[in-house]
Every structure is written in structure tokens, then in C-alpha cells.
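This structure is a prediction, so every number in the text was calculated from the model and none was measured. Per chain, numbering begins at 1; letters A, B, ... match sequence-line order.
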Number of protein chains: 2
Amino acid sequence: MSSVSVRDVAALAGVSTGTVSNVLNRPDKVSPATVERVHDAIEKLGFVRNDAARQLRSGSSRAIGLVILDVGNPFFTDLARGTEDSAAEMGFSIILGNSDEKAERESAYLDLFEEQRVHGVLISPFGDIVPRLRRLRSRGIPAVVVDRTSWDNSFSSVSVDDVAGGEMAANHLLDIGRTRIAFVGGPLEIRQVADRLNGARRAIESHGGATLEVIPVAALSVAEGREAGLRLIARDKHQRPDAIFAANDLIATGLLQTLVMEGAVSIPDDIALIGYDDIAFASAAVVPLSSIRQPSALIGETAVKILLEEASDPDVLPRQVVYQPELRARASTIGSQPVSAAHAGDDELCR
Amino acid sequence: MSSVSVRDVAALAGVSTGTVSNVLNRPDKVSPATVERVHDAIEKLGFVRNDAARQLRSGSSRAIGLVILDVGNPFFTDLARGTEDSAAEMGFSIILGNSDEKAERESAYLDLFEEQRVHGVLISPFGDIVPRLRRLRSRGIPAVVVDRTSWDNSFSSVSVDDVAGGEMAANHLLDIGRTRIAFVGGPLEIRQVADRLNGARRAIESHGGATLEVIPVAALSVAEGREAGLRLIARDKHQRPDAIFAANDLIATGLLQTLVMEGAVSIPDDIALIGYDDIAFASAAVVPLSSIRQPSALIGETAVKILLEEASDPDVLPRQVVYQPELRARASTIGSQPVSAAHAGDDELCR
DNA sequence: CGGGTGGAGTGAATCGTTTTAATTTGGAAG
DNA sequence: CTTCCAAATTAAAACGATTCACTCCACCCG
């Protein structure tokens, strides 16, 4: 277990440990000749800086903690990728935690990040974590909430306007002439789900002549979508909606499968279907799925940027960044169309 | 920035710092009364252990580094989830790095992990990293290769028998009577791709009467799959294969879309299609995709287990664990069938 | 009654870097 | 020929938990 320390490097280069440290961190403060000599020594000895010692002395780490709700959801992995790219650019790395929508796991990750004295925390919250975030802040660790506005604006957040997104989705369904609309989603405790529903409700109420039915599901997964689909198939044909707004693309995918395969329902002729998130698989589904696109990677990048600003200047005021979502109309609502639409071709398939 | 240290805790509890440390790490060595007193003090002061200091003194960290090829690929996120669960159980956390099939990023992550003196490294390698892994080992940091056997057996690895998987896929296509088989995949430098192709080749050669065509693509993505699909559609009907083995499910998804939507090809009647990885979206596609299932989460769990063993006993010999893949026949090869097959119902759809 | 035993607790040394104040050096300015 | 300054470098003091070699002390046993 050869452990090469700055001391060894200093000895070989014939300088002091302080100089080695300067070469590592502020090379401009050291004469070029010395820099070279030190680098040679580092090379020769295979020295690698011990991050724990650095962090202990200098107080803060080069890692950022990120807690997301579900690694299985491409929306979140895209978001994570955004944070990773942005962080790497600034010389930081991301420690990714997956809370799996469990308060206990969420809490465990916050504990871990606190022990590690991470540079900052990004979190797409599940439970009520304001007290935890406050405590982190009092320790000098800033936090930014992602994919949700923070409760009382005491923390910065980067999110997408889910109410507008829900409105947009419902309006699209109304625009193509549908009137019996169903919202499939849940649990409503998840803020995003409730917002999307409220947006849809608003659109439909202000339209007149259209109805909205809520079909609750237990989780935002493909399996739950299938299950909801089976319930719909079981209905008499005339009892079915003529359009469905699914709370996210995983649910929409599940619906798509059971409705088409097992229900012989034609999409979009019998039922138009729109999802939410615009994950890469949405545009690649056999009936390409209309969806509400969120700038997932951008959310991550922005969140990192804000976090780093707050870290370097703790007195900056919390900011709420809200992006607007965007409609991606595809075959599942508008059927096959001549390839000439505005967005044709710019779908980013799997990145 | 209130910084509460063991010293403060010790003072309040009326004990020495050594005792506080013992309470934290070896509570059984301390009398119950003292344990309680110390815990009270910790509570009162809001003390949180500084991990950097702990690590500096005790030498090793509680974090495991994981480098994967592509976060956008559900196979790898499932694998990551497996490592995370397994690590959490043992009190470790995972630092996830995404190399994006770039040697430079892979290398940057290994640097980072080396500086952090992580407890161990798990890696699904892209470039030739044996020298790097050797160096890590010489520093006392063990490494386990995932999703690939290691080059010379000098490192432990956990993988799946891709040759057998390829053979299995091709045999399935032969079993349902197909004879003009195409393999769509690439680049062949990726070992897994080459192995799958070789397996298929072996099956077809030993069958007689069947042919294998290789259709190369530049990457294992949905977009590349679509592109390959377009090329197939452009062919005269009789020049097309009657079955396709795609190197992974992302490619299969892309193929599925163009063949069905734009080529009016019937799956599986005109062309049978089988993928690889059995990602959650495979079974949820509108024409559910036959695939070769790999135990992705299990690979991750096993890798963590082996890694921790090697970390605690550096003299243990490297082991190569090779799991066998499993065929999941679905509609894309066998069409719609009465629900009675062996595996019906046990598909894990998106968890 | 004395020596031995072991559980509980102590406190100083330690890990490897960064940082600070202090020191040297080579010139430029007076 | 001083004097003074900035740049380059140094030596030593942190940072905060863990560890290790000890000290106590109570208790048991012959």
C-alpha cells in the first residue's frame, strides 16, 4: 500500500509541501521552473491527491448531491445527465441518490450528503424536507429544489409549469375535437400530478361542452398504466372516453399497450392519447406518442448553475425558475400526417 | 457556520473524544449509560460526523464508484439500481459516473475515484483500462468489471454469457421456421455486440439451410435502429430478411417503429424481431418485443458483493461470475398467443 | 490479603492536505 | 549604496475524527 503524500513529492522536487500545494491549486503563484520540477516529481512517484485531506482542511467538497424520485424514469435520468454535464464542466461531480418515492430513503441520502459536507444538494422532493434543507443551509450547504417549486420560496427551485402543461395537453385534445376526456394519473399527493390535472380541468371548464373524468392510479409506472387500460377495456364501448391525458409517459405507454393489443382500440381514431415528459421512448413507440415535453436536461443544468452561485455567495436571494413545457403532437393524437409539420425531424430520439 | 465537533460533544457529555468515537463506531464497547449521555449530547448539539476527517484517519471511504456506459440505457440504470440497493444494505453509497462510451470521460471518473480513495470501483469498461485498474489495486482499491468478462482474469467480473444469448436468440428464430436472418448491431468493437453476433453465427451454422446477414450500425441507440429500418424498407420485398436479431432493445425499438409505421411490414408475420436486454419498455411496446433477458439488477448486486469481499480480504482470488441469459418470447416473434405460456404474467413491467 | 483480570474510559498522536504568517530573494527606485 | 517591494518560497499550525497504548477501578479467586 504505497501511500505517496505531498511530503514525498516535496522532498523529491526539493521544495516545501506548501509549494506543492500551490502548484496543485494556484500554479500561477509559482515560478514555471518549480511547477515543472514538481510535476515531474508527481509523475515519477504516481502521486494522487487525497481528497479527504483536502476537504478536511479546506472545508468543502467538490461533490454535489442529487436525490431523484425514480431512476427508472427516463425523465429523471435525462435530468441527472444534465446536472452531471454541467457539474463536470465546473469541476464538480454528482453523487446520485434514488429515493424511489420513499421518505425514508430520501432522508438517508440527505444524512449521507450532510456527513460528506457536499458542496450543495439538488433534490426532487418527496416528503416534506424543508426542515432538513434549512438545517443544511445553516451548515453552509445550499440546496436547490428541482422539478417542483419550493413550498414557501425560501429555497431556489427549477421546475416546469405543470399547470400550463396540463392545460396545453387538454387544449390539444379539445382542438382535435374530443369532448369526453379522461385523466389517468396518481397519486394526487404528488404535486406534479395534481398540477397537471388542475391545468387540464381549467382548460376543459373554460371550453364548455367537454367533460373530464379522473381515473386514478397508484403510481406513475407502466404497470399501473396497463392496469388502468384493462379497466377501460372492460367498459362498454360507449362508456369509454374519446381522449386520454396520461399523467406521464410511462402510464401512457401502459395504456397504449393494453388498449391496442387487448382492447382492439384504435389510437387515435377511437381514443386519442397524450402523455407527459416526452421521454425518448415516447417518440419511438409504434404509435408515436404525443406528449408534453419538458426540458429535462436543461432543468438539471440550470439547477447546478444556481446551486453553485448560491454556494459561492450565500446571501444571494432564492430564485424560482419556471420553464414552459411544449407540446409534441404525434400520431397518438393526430394520426399519421404528411411529414411537413413544424417539428418533424427535430425529435431527439434517445438523445 | 456552526461547526460542532466530537470535542464539543465530548465536553457536553462529560467524556473524552475517544469515547464519543467509540459510541459512534463500536457502541458495544461503551457502557449503556454513557452511550445514552453521548447520544443526548449529539442530539442537543446537532452534531453530524465529518466524513472527510473520518476517512482521512481511517483510510477508506464508504463510497463505491460505478462507471457505466450509458445512463440512457435502461439496462444500465437497472444495473445501477441493483448496486445501489446492495450497497445501501451494507452501509455504502454509490457514486455514479456515466462514461457515455467515451474513453476520456471514463478516465476522468477513474481519476476522481482515485482521489476520493473510494472503497472500490465497479466498471463496465469502454477503453482498455487494465493499467488503471492495476494501479488502483496497488493503492488498495479493488475493482470489479461488470457486464463483461475481464481480459485476462486478473480482475473479478460479473457478466452474462452473450455468446449463449446470441445463440439462444438465433435458435428461437430458427425454431419458428425463419431462415433468412439478419443481425442488426454495432459497433463490433463493443465486446458484447461481437459476442452476440458470434453466438448467432454459431447457431445458424450448426443449423444448415439458414443464412445470416450482418447489418452494421454505428451505435446502440433507437435512432440508429430507425436508420437501419429505413435501409431495410428501401429494399425489394424479397430481398428482406424474414427475421431480425437486434443487438439490443434500443435498436429493436427503432427498427420496430420504421418497419411497422413506414414500411407497412407486419411483425412477426413478414419479419420476426428479437432484441436483447429485455428492458422494461420492451414488453410494453405495442408489439411486445421478444428479447433476451439479462438479470441486470442481479449483476449489480453480485458485483457489489464481490467487491466488498475483495476489499476486506485483498488476497482472495479474482472470480468470474457468468450468468445465463433467458429467452422471453413475445408477440414480435410468436404473435399473439393464448395467455398460458410459462412466463405469462411474470413480466416485471417497469417495476 | 494480594495479584490478576478485564471492562470503561482517557488523551495524545495521527492521517495528508491547505493555509497563514513569516522569510528570503532579486531588482528597481531613490 | 541603501531602501523597499513584490514575488517566490517556507515552516508550522490547523482541520476533526479515529486509534492505540495506557490508566483506573471494581471484582474475583486462591
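- To the nearest 0.5 angstrom, B:Asn73 atom CG is 10.5 Å from B:Ser221 atom OG.
- Atom pair A:Gln55:CD and C:dC15:C1' shows a separation of 14 Å (rounding to whole Å applied).
- Annotation: side chain to side chain donor-acceptor pair (under 3.5 Å) contacts involving residues 11-23 of chain B, sequence neighbours excluded, comprise B:Ser16-B:Thr19, B:Ser21-B:Asn25, B:Asn22-B:Arg26.
- In this structure, the NZ atom of A:Lys29 is 14 Å from the C1' atom of C:dT20, given to the nearest Å.
- Taking the side-chain contact (heavy atoms from CB on, under 4.5 Å) definition, one finds that B:Arg105 meets it with A:Glu84, A:Asp85, B:Asp100, B:Lys102, B:Tyr109, sequence neighbours left out.
- Note: CG (B:Asp28) to C1' (C:dA8) measures 13 Å, nearest angstrom.
- An OP1 or OP2 oxygen of C:dG9 is reached within less than 4.0 angstrom by no side-chain nitrogen or oxygen of B:Thr19.
- Sorted by first then second residue, the salt bridge (Lys or Arg N to Asp or Glu O under 4.0 Å) pairs that include residues 296-315 of chain B, not counting sequence neighbours, are B:Glu309-B:Arg319.
- We find that CD of B:Glu36 is positioned 17 Å from C1' of C:dA8, with the value rounded to whole Å.
- In this structure, the salt bridge (charged side-chain N to carboxylate O under 4.0 Å, His left out) partners of B:Glu114, at least two apart in sequence or on a different chain, are B:Arg132, B:Arg135, B:Arg139.
- Annotation: salt bridge (Lys or Arg N to Asp or Glu O under 4.0 Å) contacts involving residues 150-159 of chain B, sequence neighbours excluded, comprise B:Arg134-B:Asp152.
- Taking atom CG on A:Asn22 and atom P on D:dA7, their separation rounds to 14 Å, with Å as the unit.
- Residue pairs that meet the ring-ring contact (aromatic ring centres under 6.0 Å, His included) test with at least one member in residues 34-64 of chain B, sequence neighbours left out, do not exist here.
- Residues passing the side-chain hydrogen bond (donor to acceptor under 3.5 Å, both in side chains) test with A:Thr149, sequence neighbours excluded: A:Arg191.
- For A:Phe92, the ring-ring contact (aromatic ring centres under 6.0 Å, His included) test picks out A:His119, with sequence neighbours left out.
- Under the side-chain hydrogen bond (donor to acceptor under 3.5 Å, both in side chains) criterion, A:Glu36 pairs with no residue at all, not counting sequence neighbours.
- In this structure, A:Val20 reaches neither bases nor backbone, as no heavy-atom distance under 4.0 Å exists between it and the strands shown.
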Would you tabulate the nitrogen or oxygen pairs shorter than 3.5 Å linking the protein to nucleotides 13-17 of chain D?
residue: D:dA14; atom: N3; partner: A:Arg57; partner atom: NH1; Å: 2.9
residue: D:dG16; atom: OP1; partner: B:Ser3; partner atom: OG; Å: 3.1
residue: D:dA17; atom: OP2; partner: B:Val6; partner atom: N; Å: 2.4

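- Summary for the helix from C:dC1-D:dG30 to C:dG30-D:dC1: the axes at its two ends, each from 5 pairs, differ by 40° when rounded to the nearest 10 degrees.
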Is there any protein nitrogen or oxygen under 3.5 Å from a nitrogen or oxygen in nucleotides 21-27 of chain D, and what are the pairs?
none

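- For B:Glu114 and C:dT17, the CD to P distance is 13 Å, given to the nearest whole Å.
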Between A:Asp51 and A:Arg54, does the salt bridge (Lys or Arg N to Asp or Glu O under 4.0 Å) criterion hold? Intermediate values first, please. CA-CA 5 Å; A:Asp51 196 57; A:Arg54 178 241 276 268; 3.3 Å; yes
